[in-house]
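Working notes, structure below.
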Amino acid sequence: MNESTAWDTTDHLLARISDGIELSNFLFIQANSSEDPGLEPPTPLPRPGQPEQQPEPQFEFATGSEVAAFFTQMTNL
């Protein structure tokens, strides 16, 4: 049986409403605070049958000296 059928229409609508209220409160706080409160945006409620969201990979960038060494090596070929 499909996992998404574990919730009926009412459950999906209540989760959607809850997500909307959380986002609305977050945006209200962001817009009406003079300082950066450091709040993270709310995460939506997990729905049955939807895959877990994987965090985005963190990339490591080369330093300026590493880039300069690379181009120096390429010009010496």
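Count residues from 1 along the sequence. None of the values given here were measured: they were computed from a predicted structure.
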Inset, instruction - Of all the heavy-atom pairs spanning Ser33 and Gln30, show the shortest one and how long it is. - result: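 Where Ser33 meets Gln30 most closely, the heavy atoms are OG-O, 3.7 Å.
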Inset, instruction - Over all heavy atoms of both residues, which pair between Ala15 and Trp7 is shortest? Give the atoms and the distance, please. - result: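 Result for this residue pair: CB-CZ3, 3.7 Å.
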Legend entry - Atom pair CZ (Arg16) and CG (Leu45), whose distance is rounded to the nearest 0.5 Å: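 CG of Leu45 is found 11.5 Å from CZ of Arg16.
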Can you list, pair by pair, the side-chain donor-acceptor contacts under 3.5 Å of residues 68-75, counting residues two or more places apart and other chains?
residue : atom : partner : partner atom : Å
Thr72   : OG1  : Ala68   : O            : 2.7
Thr75   : OG1  : Phe71   : O            : 3.3
Thr75   : OG1  : Thr72   : O            : 2.9

Inset, instruction - Any chance you could pull the hydrophobic cluster mates of Phe59, using side-chain heavy atoms under 4.5 angstrom and chaining through other members? - result: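 In the cluster with Phe59 are Phe61.
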Inset, instruction - Examine Ile21 and Leu14 and state if one hydrophobic cluster contains both, with Ile, Leu, Val, Met, Phe, Trp and Tyr joined whenever side-chain heavy atoms are less than 4.5 Å apart. - result: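 Per the 4.5 Å side-chain linkage, Ile21 and Leu14 are not co-clustered.
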Inset, instruction - Measure the shortest side-chain to side-chain distance between Leu23 and Asp19 over non-hydrogen atoms and say whether it is less than 4.5 angstrom. - result: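 No. Closest side-chain heavy atoms not under 4.5 Å.
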